[in-house]
Amino acid sequence: MPVRPLVLLPDAKLRLVSAPVGPITQEVRALAADMLATMYDAPGIGLAAIQVGVPTRLVVVDLGRKEEDRDPLVLVDPEIVWSSHETRVHEEGCLSIPEYYEEVERPDRVRVRYRDLDGRTVETEADGMLSTCLQHEIDHLNGILFIDHLSRLKRTRVIKKFEKAAKRETTDA
Ligand code: GNR
Ligand code: NI
């Protein structure tokens, strides 16, 4: 399960709308395993396939903070089928926007329908951190980043900062 390189802001790939996974092939299982390895290595609590450059609707999540309590969740073609009117504010970060954190307001609870790697359809209601994380990951499948939920000023600032950093990378010897 090799760790794959992360796609970073301002890479245009992050703006792609990912395509449905469709049938769960060995290739899909291998991608899920690599995504988990990449997420644990980072470390992060969630990862969408586009963050390793693959525009397919596959998400991995694990809220376990310690290695001993690993509880990986793989979501194939996840969709939000219900969101609460109540909202909550939580500080978010993104592995594609390293070391930038801001508070984001989102629905407090969501109901998510997805398939697991055995092809079974699952529906689950999430609150707290899992709710925030699932919404953040499903946004990635639609080319949406958490900075899109901030003010234009904050978003423009962080994009400019990462554009400059990327330019330095290509100019520096
Ligand atoms: O590791 C991550 N932490 C996190 C914290 C608050 C809200 C969302 C997240 S997801 C993020 C990993 C990531 O970028 N997933 O797409
Ligand atoms: Ni992210």
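Just so you know, ligand 1 is whichever comes first in the structure, and atom 1 is the first atom listed for that ligand.
Nearest protein neighbour of atom 8 (C) of ligand 1, counting heavy atoms only, is His136 ND1, 3.5 Å. Of the protein's non-hydrogen atoms, Leu95 N, 2.8 Å is the one closest to atom 14 (O) of ligand 1. Scanning the protein for heavy atoms near atom 2 (C) of ligand 1, the closest one is Ile45 CG1, 3.6 Å. Ranking protein heavy atoms by distance to atom 9 (C) of ligand 1, first place goes to Gly93 O, 3.5 Å.
Looking at Gln135, His90, Glu92, Arg106, it is Glu92 that brings a heavy atom closest to atom 7 (C) of ligand 1. For the residues Gly44, Pro43, Gly46, the heavy atom positioned nearest atom 13 (C) of ligand 1 is part of Gly46. Of the candidates Gln51, Met129, His140, Glu137, the one placing a heavy atom closest to atom 5 (C) of ligand 1 is Met129.
When atom types are taken as modelled, the side chain of Asp41 and the backbone of Val3 share no donor-acceptor pair closer than 3.5 angstrom. Between the side chain of Thr38 and the backbone N or O of Arg4, at least one donor-acceptor pair lies under 3.5 Å. Side chain of Ser96 to main chain of Val7: a donor-acceptor pair is present (N/O by atom type, distance under 3.5 Å, no hydrogens or angles).
Between Cys94 and ligand 1, not a single N/O pair is under 3.5 Å apart. The N/O atoms of Ser96, backbone and side chain alike, include none that comes under 3.5 Å of an N/O atom in ligand 1.
Of all heavy-atom pairs spanning Gly44 and Ala42, the tightest one is N-CB, 3.8 Å.
Lys164 pairs in a side-chain contact (heavy atoms from CB on, under 4.5 Å) with only one of the listed residues (Lys161, Arg168, Lys160, Lys167), which is Arg168. When each of Arg109, Arg111, Glu125 is paired with Ser84, the side-chain contact (heavy atoms from CB on, under 4.5 Å) condition holds for Arg109 and for no other.
Under a cut-off of 6.0 angstrom, the local environment of CD in Glu123 is crowded, with over 12 non-hydrogen atoms contributed by other residues, nucleotides or ligands.
For the residue pair Arg15 and Asn142, no side-chain donor N or O sits within less than 3.5 Å of a side-chain acceptor on the partner. In this structure, a donor-acceptor pair under 3.5 Å is present between the side chains of His136 and Glu92.
Within the structure, ligand 1 has Glu91 among the residues with a heavy atom less than 4.0 angstrom away.
Here the side chains of Leu8 and Ile97 are not in contact, with every heavy-atom distance at 4.5 Å or above.
Taking 4.0 Å as the cut-off between side-chain N and carboxylate O, Asp139 and Arg106 count as a salt-bridged pair.
Less than 2.8 Å away from the Ni ion (ligand 2), the protein contributes these N/O/S atoms: Cys94 SG, His136 NE2, His140 NE2.
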